There are 2 protein chains.
Amino acid sequence: MQTVALATFLCYTLLGDLMRKSFNIQDFAKDLATHCSQTQIRKFKKDEVITTYLINRNQICILLSGEAYLVRYDSKGFKNIIDCFKTDDVFGEAFYRIHTNRELFVLAKTDCEVLFFSYAMQELCDKNCSFHETLVKSLPDLIFSRVIALNTRIELLSKRGIRDKLLSYFSILASQRIGNTFELPFSLTDLADYLIIDRAAMMREIKKLKEDKIIEKNGKKITLLCK
Amino acid sequence: MQTVALATFLCYTLLGDLMRKSFNIQDFAKDLATHCSQTQIRKFKKDEVITTYLINRNQICILLSGEAYLVRYDSKGFKNIIDCFKTDDVFGEAFYRIHTNRELFVLAKTDCEVLFFSYAMQELCDKNCSFHETLVKSLPDLIFSRVIALNTRIELLSKRGIRDKLLSYFSILASQRIGNTFELPFSLTDLADYLIIDRAAMMREIKKLKEDKIIEKNGKKITLLCK
DNA sequence: TAAAAAAAGTTGCTAAAGCAACAGAATTTA
DNA sequence: TAAATTCTGTTGCTTTAGCAACTTTTTTTA
């Protein structure tokens, strides 16, 4: 029964994914940078602010190298890590459509290289230029890559309780590689900010998960012992 | 200081929104239905399943009339209301990109009329047909309308504590109309499922909010007394 | 490489949220 | 319109998570 369900799931997954054309973000970025004068590439050092969403509207950014956080500080001063970007990820207000007056910051987690351009550009651009065509055709795929991340995050935050949040996140990380061992992409302090939970309570729960033989942990290397 | 911040915010908001072309979903739906044989319109009675995401991949649906819920049941059997669609909203797996084996259901909250078509369709379609062009041009706007909803939800779920979740949600509802009075779009039972909190605990918190003179409540009519 | 800063790991106490189990009101269905 | 069902409102008890305040370890930086 379990096996049939899994096979069915895999079948749909494969079919679904085959139907989706593969979109190469690096080719797209190269195309953009060489064909259009309205794009720019900038470099950032660790901890610098790459962009903010309230002020920089309609902006589309592609992370060419490095890692970055999308961060908000809530009314009580708590840091919330909303999203975590790695090389080839797309971000910018064009994909967030901010509607509150609480600013969102993109912070360089490591040294970064970022390509900037504007969503509104497709309107202003000469209709015969090849860039225009590329942009319009690629936009859905760019946005979809963000939509997947957003839905993943909603799924995480929908979990009741710290244990469920941790296990859900761990199984997402585990599913991205072969085997049940993976490396946490950020510090435990940041993990708590990402899951919107108290760090001390999280540590306590991780301890329990180890005691219950559900996970093994060596630094940032974690192994899921159950399925 | 407060006033300056608000004025600045409003200014950016207006500028941002002016730059965004207005997209009429009803015209789009009409265009689609009349120009393409691959689309279909179906009617549903209250509580019927409109579609599921795991099986119906790459599907795009437009709610022509009525209201619907996007629902998941978690591992403990809890009902989670992931999203709430009203007339003109766009949904379907094409916008969710399901990646777990937990099925998502779209349920008719009232009688509904829904337009169905496929995201993959743009690939198969004859390149000269006007529908193809319309679809490709409109897709980003269709998706953006979902992205806004997703981000709103993440903002809600990022709140620590029931009181914060309630107040955030209430202020979103209040901001959608003039004045501070609004009507809850669903029952209190469903509201708890939407905010992923215990209903009894939520009722207790609502009572406290009334006692603290932060809200007034008459049935589903709520007034925010503070800003 | 020594000092400083950040992250990891702990703990006791307190506050908040979940659960169960009701009763009464409102709504739906037969 | 009567019966059934769902929704609202409430409460006591229990479990969970948050907070504050530490120590120890690891990583940065001067």
Side-chain angles (χ1 to χ4, degrees), chain A residues 45-48 69 71 74-81 107-111 156-169 183-212 215-222, chain B residues 45-48 69 71 74-81 107-111 156-167 183-212 215-222:
Chain A
K45 294 244 170 267
K46 183 174 182 286
D47 294 326
E48 280 185 325
Y69 284 143
V71 171
D74 73 16
S75 54
K76 290 172 186 162
F78 284 114
K79 176 185 176 186
N80 288 355
I81 298 176
L107 303 176
K109 189 181 163 191
T110 63
D111 290 2
L156 268 186
L157 295 179
S158 297
K159 294 290 184 282
R160 295 157 200 262
I162 291 179
R163 175 173 282 234
D164 278 353
K165 281 186 179 176
L166 282 172
L167 286 176
S168 298
Y169 185 57
E183 187 133 350
L184 283 178
F186 30 50
S187 72
L188 292 171
T189 305
D190 285 347
L191 179 59
D193 288 335
Y194 181 71
L195 300 177
I196 323 277
I197 50 180
D198 180 66
R199 191 185 60 85
M202 186 188 78
M203 295 302 289
R204 191 156 30 199
E205 202 58 50
I206 286 178
K207 203 175 159 193
K208 279 187 206 162
L209 285 170
K210 282 192 284 188
E211 284 167 6
D212 295 351
I215 64 166
E216 263 169 17
K217 179 171 175 298
N218 270 55
K220 282 179 187 162
K221 261 215 171 67
I222 292 179
Chain B
K45 294 242 169 266
K46 183 172 182 287
D47 294 327
E48 279 186 326
Y69 283 144
V71 171
D74 73 16
S75 54
K76 289 171 186 162
F78 284 112
K79 176 185 177 186
N80 288 354
I81 298 177
L107 303 176
K109 188 182 163 193
T110 62
D111 289 3
L156 267 185
L157 295 178
S158 295
K159 294 289 183 287
R160 293 157 201 259
I162 290 179
R163 176 174 280 235
D164 279 353
K165 280 186 179 175
L166 283 172
L167 287 177
E183 186 134 350
L184 284 177
F186 31 51
S187 72
L188 292 170
T189 306
D190 284 347
L191 179 59
D193 288 336
Y194 181 71
L195 299 177
I196 323 280
I197 51 181
D198 180 64
R199 190 186 61 85
M202 186 188 79
M203 296 302 289
R204 192 157 28 204
E205 202 57 49
I206 287 178
K207 202 176 158 191
K208 280 187 206 161
L209 285 171
K210 282 192 284 186
E211 284 167 6
D212 295 350
I215 64 165
E216 264 169 17
K217 179 171 174 296
N218 270 55
K220 281 177 186 162
K221 263 214 171 66
I222 292 180

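Naming: A, B, ... by sequence-line order, numbering from 1 per chain. Keep in mind it's a predicted model, so treat the numbers as computed, not measured. The basis for the numbers below is simple: all heavy atoms, side chains too, and nothing from hydrogens, waters or symmetry mates.
Using a 4.5 Å cut-off on side-chain heavy atoms (C-beta onward), A/I215 and A/K210 make contact.
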Atom pairs and distances, side-chain donor-acceptor, residues 185-200 of chain A, under 3.5 Å, sequence neighbours left out:
residue, atom, partner, partner atom, Å
A/S187, OG, A/D190, N, 3.1
A/D190, OD2, A/Y69, OH, 2.8
A/D198, OD2, A/A200, N, 3.3
A/D198, OD2, A/A201, N, 3.1

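Between the C1' atom of D/dA17 and the CZ atom of A/F78 lies a distance of 12 Å, rounded to the nearest Å. Per the geometry, CG belonging to B/D198 stands 10 Å off C1' belonging to C/dA20, to the nearest Å. One can place CD1 of A/I196 at 15 Å from P of C/dA17, the figure rounded to the nearest angstrom. Between the CD1 atom of B/I197 and the C1' atom of C/dA16 there is a distance of 12 Å, rounded to whole Å. Taking atom CG on A/L195 and atom P on D/dT16, their separation rounds to 18 Å, with Å as the unit. What separates NZ of A/K159 from P of D/dT16 is a distance of 18 Å, to the nearest Å.
Between A/S187 and C/dA6, a side-chain N or O to OP1/OP2 separation shorter than 4.0 Å is absent. Neither OP1 nor OP2 of D/dC19 sits under 4.0 Å from any side-chain N or O of A/K76. Within the structure, every side-chain polar atom (N or O) of A/K220 is placed at least 4.0 Å from both OP1 and OP2 of C/dA7. At the phosphate of C/dA6, neither OP1 nor OP2 sits under 4.0 Å from any side-chain N or O atom of A/T189. For A/K210 and C/dG9, the shortest distance from a side-chain N or O to OP1 or OP2 is not below 4.0 Å.
Relative to the axis of its first five pairs, the axis of the last five pairs of the helix from C/dT1-D/dA30 to C/dA30-D/dT1 sits at 70°, rounded to 10 degrees.
Atom NZ of A/K217 is separated from atom NZ of A/K207 by 12.5 Å, given to the nearest 0.5 angstrom. Atom NZ of B/K79 and atom CG of B/L107 lie 7.0 Å apart (nearest 0.5 Å).
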Quick one: which protein N/O atoms are closer than 3.5 Å to N/O atoms of nucleotides 22-29 of chain C? Pair and distance per line, please.
none

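Nucleic acid contact class of B/R204 (heavy atoms, under 4.0 Å, all strands): base.
Of the two residues contacting DNA chain D, namely B/F186 and B/A201, the nearest-nucleotide position lying further toward the 5' end is that of B/F186. Sequence order on DNA chain C of the closest nucleotides to A/A200 and B/K208 puts A/A200 first from the 5' end.
Closest contact between the side chain of A/M203 and the listed nucleotides D/dT8, D/dA17, C/dT10 involves C/dT10. Nearest nucleotide to the side chain of B/L188, out of D/dG18, C/dT10, D/dG9: D/dG9.
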